[in-house]
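Take a look at the structure below.
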Amino acid sequence: MTNDATSAPATALDSAALPLDPVSTESLAAQGLSYVTVEPGEEGEEPFVRWSEAVDRGFIGERAKPESIEAWRKRCVGSRLVAVMDPGAPLADHPVATVRSWAGDLTVDLGRTLPTWAISAVTVSSTHRRRGIARALLEGELRAAAAAGLAMAGLTVSEATIYGRYGFGPAAAATSWKINTRRAGWVGPQPVRDGRGRIDIVERDTVQEKARELFERVRLTRPGEMEPTDSYYIGLAGTFEGHPNLKMRAVSYTDTDGDLRGLLVYQAQPSEESFPDSSLSISALIAETPDAEAALWHFALTHDLIGTVTASELSMDEPLRWMVENQRALTVTESDHHWLRILDVPAALAARRYRAPGVVVLDVVDPVGIAGGRYRLEITDDGEGRVTRMTEPNDDDAAVRLGIAELSALYLGGVKARTLLAAGRIETDGETATWFDAAFAPAASPRLSYWY
């Protein structure tokens with residue numbers, strides 16, 4: 001159910017070998033559609049090329065060049081690629097729906113991770129809408145992951161109205177920032193000036209290595225972070241085959257011992273109207289220590305010729321707000337980002353730690369029929385959670401009645417039970433909701449710093 005920071009049980013699962021869900025296979029077959037897996041294969045093999053083209057079409061992308069498809073093929077090795085085919089269509093070898101998935105470790109508390117089924121590249125062709133294909137795909141992914149023993153599924157979404165019906169809840173929100181550097185000022189620490197560390201240029205060919213080294217440590221301290229695939233690090237370095245990002249630049253922060261503690265990856269865009277008003281877009285700011293975070297933000301906000309700095313996928317509780325002198329120089333927008341879906345309530349609840357002892361009964365409703373039921377969560381004085389499935393009601397314990405989507409949203413502590421109670425999304429009393437929020441308080445503000 002849980003693992004420590006040094007183990008990675010999700011990697012022990014052969015994601016590509018997970019069998020297709022028989023229920024979804026049957027429901028699609030009843031419409032004359034076939035539900036198949038696609039092998040990445042070798043360069044130029046048609047099944048993967050067609051699958052890749054279907055994904056690009058689904059996300060309104062341009063037709064990819066052969067070298068770009070080949071680069072993606074290499075990155076998809078190890079994932080499970082699924083397609084829905086329509087044998088009666090004129091282009092019968094072109095998928096009408098796609099999904100890509102794999103197992104990775106989700107950070108659920110300091111140093112604690114939970115093997116999670118990551119779902120991506122979900123598309124349905126506009127020619128095949130309203131036929132239950134998306135339902136078959138998503139429910140098939142959930143049932144397959146649950147059958148494989150995974151306790152959680154997750155995704156990032158292009159549309160926010162789809163996934164709640166399948167039990168997903170927005171568990172880690174994200175903020176996007178636009179900073180007017182001329183107005184912001186700086187009142188935060190300056191570790192470089194004070195001799196506690198230094199910032200240096202990072203050569204392009206070492207960005208991927210340094211990002212991996214640092215993020216593998218940092219992600220274990222941030223609930224909501226997901227173990228990345230190689231694509232994340234390749235994207236940061238801008239070294240995708242066929243379409244490299246030549247604007248990508250990076251600097252590192254090292255402490256007085258010479259140890260890497262932070263990395264800033266960014267792109268600068270000259271202004272056509274006034275060169276000193278150019279912009280800097282942050283692709284990633286990975287900081288292991290407060291000094292590293294302050295030093296890298298100071299570098300970005302005081303960069304020569306830069307009038308605007310932008311960044312996205314930041315947390316809801318960024319210390320940067322308190323490092324600038326003028327908070328009105330900040331334009332911050334909030335959005336849902338990391339959606340989670342509990343598949344095994346006892347395993348998921350036992351995986352994280354808690355901040356207040358007590359006992360609560362959770363009456364969970366699951367529209368897909370995977371994780372519903374009545375569960376008793378007992379939190380010990382040392383913060384461990386013990387979960388038992390109940391067969392008989394127990395009116396002596398405080399109870400919370402809620403959907404699996406709401407429990408999934410509450411899981412990391414990024415959403416408060418009192419908020420969901422006021423919104424009519426859960427049923428309980430105010431005292432129980434207050435205790436729930438104290439017990440589920442996160443070790444750090446939940447965050448996922450990228451899309452997958």
Side-chain angles (χ1 to χ4, degrees), residues 3-8 10-11 104-113 186-239 248-268 280-303 309 311 313-315 317-324 353 442-450:
N3 63 284
D4 60 31
T6 61
S7 61
T11 61
D105 287 332
L106 169 74
T107 302
V108 298
D109 208 81
L110 293 179
R112 292 193 173 200
T113 60
W186 186 265
V187 293
Q190 296 193 45
V192 175
R193 182 198 65 184
D194 296 339
R196 298 196 300 274
R198 58 178 293 155
I199 285 182
D200 295 287
I201 295 171
V202 175
E203 284 294 338
R204 180 185 184 83
D205 58 359
T206 65
V207 169
Q208 188 174 336
E209 173 189 348
K210 290 182 182 295
R212 187 187 302 275
E213 171 195 343
L214 189 60
F215 193 64
E216 282 301 298
R217 299 196 300 265
V218 170
R219 71 179 177 86
L220 296 172
T221 67
R222 294 176 176 169
E225 290 285 16
M226 186 76 175
E227 177 185 16
T229 64
D230 286 343
S231 296
Y232 170 68
Y233 299 110
I234 295 171
L236 278 188
T239 54
M248 199 71 76
R249 300 186 184 276
V251 294
S252 65
Y253 176 84
T254 52
D255 61 19
T256 53
D257 293 326
D259 293 326
L260 176 68
R261 299 300 181 189
L263 184 71
L264 174 68
V265 185
Y266 65 95
Q267 302 174 68
L280 185 150
S281 173
I282 293 177
S283 301
L285 193 155
I286 309 171
E288 188 175 14
T289 65
D291 271 359
E293 184 152 17
L296 293 173
W297 274 119
H298 183 261
F299 171 86
L301 268 59
T302 59
H303 195 292
V309 171
E313 287 80 66
L314 302 185
S315 77
D317 189 23
E318 286 293 322
L320 174 62
R321 186 179 296 276
W322 301 96
M323 295 179 187
V324 299
R353 289 180 60 83
S445 181
R447 177 190 179 188
L448 175 66
S449 55
Y450 64 98

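Numbers here simply count residues along the sequence, with the first being 1.
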For this session: Give every residue pair that meets the salt bridge (charged side-chain N to carboxylate O under 4.0 Å, His left out) criterion with at least one member in residues 199-211, sequence neighbours excluded.
Result: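 Those involving residues 199-211 are R198-D200.
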Problem set entry | Approximate separation, where rounding is to 0.5 Å, of R219 CZ and T113 OG1 |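 Spacing of CZ (R219) from OG1 (T113) equals 7.0 Å.
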For this session: Mind checking the CG-CG spacing from D109 to L220? Nearest 0.5 Å is all I need.
Result: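 Rounded to the nearest 0.5 Å, the CG-CG separation comes out at 11.5 Å.
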Is any side-chain heavy atom of [Y] closer than 4.5 Å to one of [X]?
| X | Y | result |
| --- | --- | --- |
| S252 | L263 | yes |
| L448 | E313 | no |
| R447 | L314 | yes |
| M248 | V207 | no |

What pair of heavy atoms forms the shortest contact from [X] to [Y], and how long is it?
| X | Y | result |
| --- | --- | --- |
| L110 | A443 | CG-CB, 3.5 Å |
| Y253 | R196 | OH-O, 3.2 Å |
| G104 | E227 | CA-OE1, 3.5 Å |

For this session: Using modelled atom types only, decide if a donor and an acceptor are shared between the side chain of D257 and the backbone of D259 within a distance under 3.5 Å.
Result: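 Answer holds: no.
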Exercise. Got a donor-acceptor contact below 3.5 angstrom from the E216 side chain to the E213 backbone?
Worked result: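 No, because the side chain of E216 does not come within donor-acceptor range (under 3.5 Å) of the backbone of E213.
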Problem set entry | Residue list, salt bridge (charged side-chain N to carboxylate O under 4.0 Å, His left out) with E225, at least two apart or on another chain |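 E225 satisfies salt bridge (charged side-chain N to carboxylate O under 4.0 Å, His left out) with R222 once adjacent residues are dropped.
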Exercise. Which residues pass the salt bridge (charged side-chain N to carboxylate O under 4.0 Å, His left out) test with R321, sequence neighbours left out?
Worked result: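 Listed in chain order: nothing, the list is empty.
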Exercise. Do NZ/NE/NH1/NH2 and the carboxylate oxygens of D230 and R212 come within less than 4.0 Å?
Worked result: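 Result for this pair is yes, salt bridge flagged.
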For residues 186-193, dump all side-chain donor-acceptor pairs below 3.5 Å to protein atoms at least two apart in sequence or in another chain.
| unit_1 | atom_1 | unit_2 | atom_2 | d |
| --- | --- | --- | --- | --- |
| W186 | NE1 | G188 | O | 2.9 |
| W186 | NE1 | P189 | O | 3.1 |

Exercise. What residues, two or more places apart in sequence or in another chain, satisfy ring pair (Phe, Tyr, Trp, His ring centres under 6.0 Å) together with Y232?
Worked result: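 For Y232 the ring pair (Phe, Tyr, Trp, His ring centres under 6.0 Å) partners, ignoring immediate neighbours, are F215, Y450.
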Problem set entry | Residues Q208, L236; criterion side-chain contact (heavy atoms from CB on, under 4.5 Å); working and verdict | CA-CA 7 Å; Q208 188 174 336; L236 278 188; over 6 Å; no
List, one per line, each side-chain donor-acceptor pair under 3.5 Å for residues 280-288, sequence neighbours excluded.
| unit_1 | atom_1 | unit_2 | atom_2 | d |
| --- | --- | --- | --- | --- |
| E288 | OE1 | R217 | NE | 3.2 |
| E288 | OE1 | R217 | NH2 | 2.8 |
| E288 | OE1 | R261 | NH1 | 3.0 |
| E288 | OE2 | R217 | NE | 3.0 |

